[in-house]
Colleague: 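Dropping the structure in here first, questions after.
Proteins get letters first, then strands, A, B, ... in listed order; numbering begins at 1 in each. This structure is a prediction, so every number in the text was calculated from the model and none was measured.
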Amino acid sequence: MSESWPQWEIFVRSEAGLAHKHVGSLHAADARMALENARDLYTRRNEGVSIWVVESTDVHAIDPSEAEAFFEPSQDKQYRHPTFYHVPDGVKHL
Amino acid sequence: MYTQMSDGIDGNPNAADEREGAFNARLDRAVKIESPDWMPEAYRKTLLRQISQHAHSEIVGMLPEGNWITRAPSLQRKAILLAKVQDEAGHGLYLYSAAETLGTPRDEMVAALHSGKAKYSSIFNYPTLAWADVGAIGWLVDGAAIINQIPITRCSYGPYARAMVRICKEESFHQRQGFDIMWTLAHGTPEQHAMAQDALDRWWWPAVMMFGPPDSESVHNEQSLRWKIKLFTNDELRQKFVDQVVPQSERLGLKIPDPDLRWNEATQHYEIGQVDWDEFYRVIRGDGPCNRERLQARIDAWDEGTWVRDAAAEYARKHAARSVA
Ligand SMILES: [Fe+2]
Ligand SMILES: [Fe+2]
């Protein structure tokens with residue numbers, strides 16, 4: 001008998017104050033092994049202070065073919081940006 | 001919309017052509033391709049072949065150097081070599097991870113290596129006969145790898161480019177520790193100097209061949225350049241390598257084993273003699289000095305590790321069942 005270990009997506013926080021960032025994936029039998037393998041694989045040179053591991057099958061994403069329609073609602077709302085508004089000459093702190 | 005451009009050009013307005021047109025337009029705008037994006041099947045196949053062969057090379061590449069870990073001349077050299085070889089394992093895993101985003105499981109790639117269907121870099125089929133070989137490998141082989149890999153950090157496929165950024169950051173340590181070994185030997189006793197020269201004599205031509213066949217014979221060059229999987233041709237990269245290494249060998253006081261090597265004042269480049277491409281093809285086909293040994297070592301490592309992988313999977317299963325209960 002030989003089976004493949006599940007695949008895990010790895011997220012590393014490089015320093016306190018920054019968000020965890022996706023760095024790649026690896027295979028491990030369970031979460032603990034995934035964390036230890038992630039340490040050996042992605043933080044050999046002090047690249048991290050924290051690691052998240054998530055089984056790849058638990059990550060859900062949009063299909064690229066629907067991306068255009070999916071993000072369409074934010075395309076035509078220029079008024080959400082401060083640059084949309086005219087600031088009269090001489091007005092400060094606005 | 002840019003997809004319509006392809007209709008005008010080839011007059012064949014079916015959906016596949018539109019997608020291909022959009023794909024090419026994206027490459028032209030230097031927008032990276034990411035894993036779930038549509039891509040031509042030939043692009044996917046070429047990438048999968050290139051990335052998985054690159055991964056296999058990193059993994060097989062641990063063997064020649066691993067040969068010297070227990071016999072390194074000092075504790076520090078041993079610690080450095082261990083760290084270097086561990087990095088190569090890491091490079092292999094970054095690359096398998098990038099290749100898996102193309103939808104092929106890692107086990108399938110490993111099986112292709114073990115069956116002999118997938119190739120790896122010809123350089124790792126040469127033996128490491130002396131400690132100086134570890135120096136020559138770091139200096140020349142990792143040096144050549146850097147020249148090959150830096151452009152790939154800008155390639156069109158996002159996961160491959162990102163893996164390559166990590167790899168390139170680590171390679172310069174590999175190159176320097178190798179040069180440092182060569183420097184120490186070249187400035188040591190006459191016997192040590194001779195050992196360094198002997199390693200250069202044996203590794204020079206195989207390193208020159210690492211960039212692949214000359215452009216006139218390379219089958220993959222043109223399409224890969226168009227897809228931005230490759231950014232320079234084999235001969236361009238090889239020239240860069242020669243131009244960097246020749247002055248370094250002079251500083252070391254070692255002689256490149258090529259009687260035809262000369263500086264061309266007009267082109268401002270070094271010119272090398274005739275490469276023995278028959279040897280290159282022989283080694284690629286499986287008849288290098290160590291091909292069988294290398295592949296067998298990988299297969300044995302995989303087979304002998306089966307019970308460990310199975311035990312860990314069983315432990316994980318029992319643990320999961322217990323925490324549910
Ligand atoms: Fe490497
Ligand atoms: Fe390396």
Side-chain angles (χ1 to χ4, degrees), chain A residues 1-15 18-48 51-72 75-76, chain B residues 1 3 15 19 22-23 26 33-39 82-84 86-101 105-111 158-160 162-163 165-167 169-170 173 302-303 305-320 323:
Chain A
M1 174 199 75
S2 187
E3 61 189 300
S4 324
W5 289 341
Q7 189 181 23
W8 304 75
E9 300 301 321
I10 311 303
F11 301 80
V12 172
R13 186 202 294 286
S14 57
E15 59 180 281
L18 295 179
H20 287 77
K21 192 176 154 199
H22 185 246
V23 291
S25 67
L26 51 73
H27 289 265
D30 57 26
R32 180 69 204 177
M33 188 193 281
L35 284 166
E36 287 171 3
N37 287 0
R39 174 199 59 196
D40 293 345
L41 186 55
Y42 291 108
T43 63
R44 285 195 303 282
R45 289 175 175 78
N46 296 320
E47 292 97 331
I51 299 175
W52 287 350
V53 299
V54 180
E55 261 198 80
S56 304
T57 49
D58 288 334
V59 175
H60 302 273
I62 60 159
D63 189 305
S65 65
E66 60 161 329
E68 206 173 319
F70 192 82
F71 293 111
E72 199 278 332
Q75 302 247 314
D76 59 352
Chain B
M1 218 168 82
T3 47
R19 282 189 300 190
F23 175 84
R26 195 163 157 173
I33 308 301
E34 291 294 342
S35 93
D37 293 335
W38 184 88
M39 59 186 79
L82 262 175
K84 198 258 185 194
Q86 191 192 9
D87 274 353
E88 304 301 2
H91 297 177
L93 294 179
Y94 304 153
L95 287 161
Y96 283 131
S97 163
E100 281 188 296
T101 65
R106 189 173 67 183
D107 286 356
E108 238 171 76
M109 295 182 244
V110 172
Y160 191 25
R162 291 192 289 274
V165 169
R166 294 191 69 90
I167 289 175
K169 275 188 193 160
E170 298 176 356
F173 142 57
W302 180 260
D303 290 346
T306 303
W307 71 270
V308 179
R309 294 193 299 277
D310 288 347
E314 189 55 32
Y315 174 84
R317 199 168 16 247
K318 277 190 182 162
H319 225 71
S323 62

Colleague: For B:Ala312 and A:Trp5, which heavy atoms make the closest approach, and how far apart are they?
Modeller: CB-CZ2, 3.7 Å
Colleague: Please confirm whether the backbone N or O of A:Ser25 pairs with a side-chain atom of B:Ser97, one donor and one acceptor, at under 3.5 Å?
Modeller: yes
Colleague: Tell me, yes or no, whether the heavy-atom count around A:Trp52 atom CH2, taken from other residues, nucleotides or ligands under 6.0 Å, exceeds 12.
Modeller: no
Colleague: Please classify the contact of A:Arg45 with chain B as side chain, backbone, both or neither, using a heavy-atom distance under 4.5 Å.
Modeller: side chain
Colleague: I'd like to know if A:Asp30 and B:Lys318 make a salt bridge, using a cut-off of under 4.0 Å between side-chain N and carboxylate O.
Modeller: no
Colleague: Measure across A:Leu41 and B:Arg166 and return the closest heavy-atom pair with its distance rounded to 0.1 Å.
Modeller: O-NH2, 4.3 Å
Colleague: Considering only heavy atoms, which portion of B:Tyr96 lies under 4.5 Å from any heavy atom of chain A: side chain, backbone, both, or neither?
Modeller: neither
Colleague: Roughly how far, to the nearest 0.5 Å, is CD of B:Glu170 from CZ of A:Arg44?
Modeller: 4.5 Å
Colleague: Examine distances only and state if a side-chain atom of B:Tyr315 and a backbone atom of A:Ala29 form a donor-acceptor pair shorter than 3.5 Å.
Modeller: no
Colleague: Is the number of heavy atoms from other residues, nucleotides or ligands under 6.0 Å of A:Asn46 CG greater than 12?
Modeller: no
Colleague: If you count heavy-atom pairs under 4.5 Å with chain A, which of B:Glu100, B:Arg162, B:Lys169 comes out on top?
Modeller: B:Glu100
Colleague: Are more than 12 heavy atoms from other residues, nucleotides or ligands located less than 6.0 Å from atom NE2 of B:His319?
Modeller: no
Colleague: Which answer fits A:Leu26, side chain, backbone, both or neither, if we ask what part of it has an atom under 4.5 Å from a heavy atom of chain B?
Modeller: neither
